[in-house]
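Notes for the one structure printed next.
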Amino acid sequence: MTYETILTETRDRVGLITLNRPKAMNALNGTLLTELIDALTAFDADENIGAIVVTGSDRAFAAGADIKAMASASAVEMLTGSFVELFDGIRKARKPVIAAVSGYALGGGCELAMSCDMIVASETAKFGQPEITIGVIPGAGGTQRLTRAVGKAIAMEMVLNNRTLSAQEAQQFGLVNRVVPTERYLDEALMLAADVASRAPLAVRLGKESVNKAFETSLAEGLEFERRAFYFLFATDDQKEGMAAFVEKRKPKWKGK
Ligand code: CAA
């Protein structure tokens, strides 16, 4: 499938999606988000793919929602349009999605990165929610995901006063998994994705769902969900294989069954 605003490729069991609107710093318009979700959904449904990486360019992961496309929108157009809802497509992915972030991850770009399951950042990555400077607030999860990731004090400063986080600060506050030199961030994200893609697929899927429950439910409900997922995995071939391989001191061969 050929897209207008993204590039896609596969690297063994990893699907790679590259945002590709260089002249607009990968600003997210309806076309880009629709194409991104389309490619993500296709990789998610492909049994040969075990994990997905979303990246931008060295200069900009994404500089936010496309302000030029949004500037004249009415409240009713925003409400009845699907732009912000499109972000939900990332959350719906069953397979792990890793953001490889370099340069600007601002506004919707920061929200896009935070919608992924893990973030690998280059030393030049800058995370921010500058919506306050254009008279609005984040609309694609920024106030919620940022607060859960970095805590109230820093989230307030970012949302109310346009504080940006350097890659090092983002790592210190728990927003990103690791920070690496710019020439290595994509390879590092691809390696992490390949590692995860090599693991027992059903356990990866239920592990992801269980961690996400921690953000969406009470502790009691989350613990209950985790326990049931754990029991369920004992009905899979991969549990038998994984534990037998440990006992027999060999590498397991996963079937995803
Ligand atoms: N929307 C549309 N176009 C954008 C854009 C955006 N979010 N960000 C950058 N661009 C465009 C610029 O307009 C410029 O285009 P032209 O050459 O046609 O003028 C091009 O990308 C290069 O940008 P700059 O010349 O500004 O580059 P810079 O290096 O001087 O600055 C920047 C880079 C700091 C990222 C700056 O472009 C900037 O502040 N961008 C806007 C960031 C922002 O406010 N994002 C939040 C958007 S709202 C949102 O995301 C809502 C939500 O929650 C969903």
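For clarity, every value in this text was computed on a predicted model and none was experimentally measured. Hydrogens, waters and symmetry mates play no part in the numbers below; they use all other heavy atoms, side chains included. Note that ligands are numbered from 1 as they come in the structure, with each ligand's atoms numbered from 1 the same way.
Note on L16: it does not cluster hydrophobically with L19, by side-chain heavy-atom contacts below 4.5 Å among ILVMFWY residues.
Closer than 4.0 angstrom to ligand 1 sit non-hydrogen atoms from K23, A24, M25, A27, R59, A63, G64, A65, D66, I67, K68, M70, Y104, L106, G107, G108, E111, P130, E131, I134, P138, G139, A140.
Other residues, nucleotides and ligands place more than 12 heavy atoms under 6.0 Å from the CZ atom of R163.
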Give every donor-acceptor pair under 3.5 Å between a side-chain atom in residues 52-59 and any protein atom, sequence neighbours left out.
unit_1, atom_1, unit_2, atom_2, d
T55, OG1, A100, O, 2.8
S57, OG, R59, N, 3.3
S57, OG, A60, N, 3.0
S57, OG, A60, O, 3.2
D58, OD1, Y185, OH, 2.9

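Counting only heavy atoms from C-beta outward, the side chains of N20 and T5 never approach each other to under 4.5 Å.
When all heavy atoms of S115 and R145 are compared, the pair lying nearest together is OG-NH1, 3.5 Å.
E241 pairs with exactly one of R250, K255, K253 by the salt bridge (charged side-chain N to carboxylate O under 4.0 Å, His left out) rule, that one being R250.
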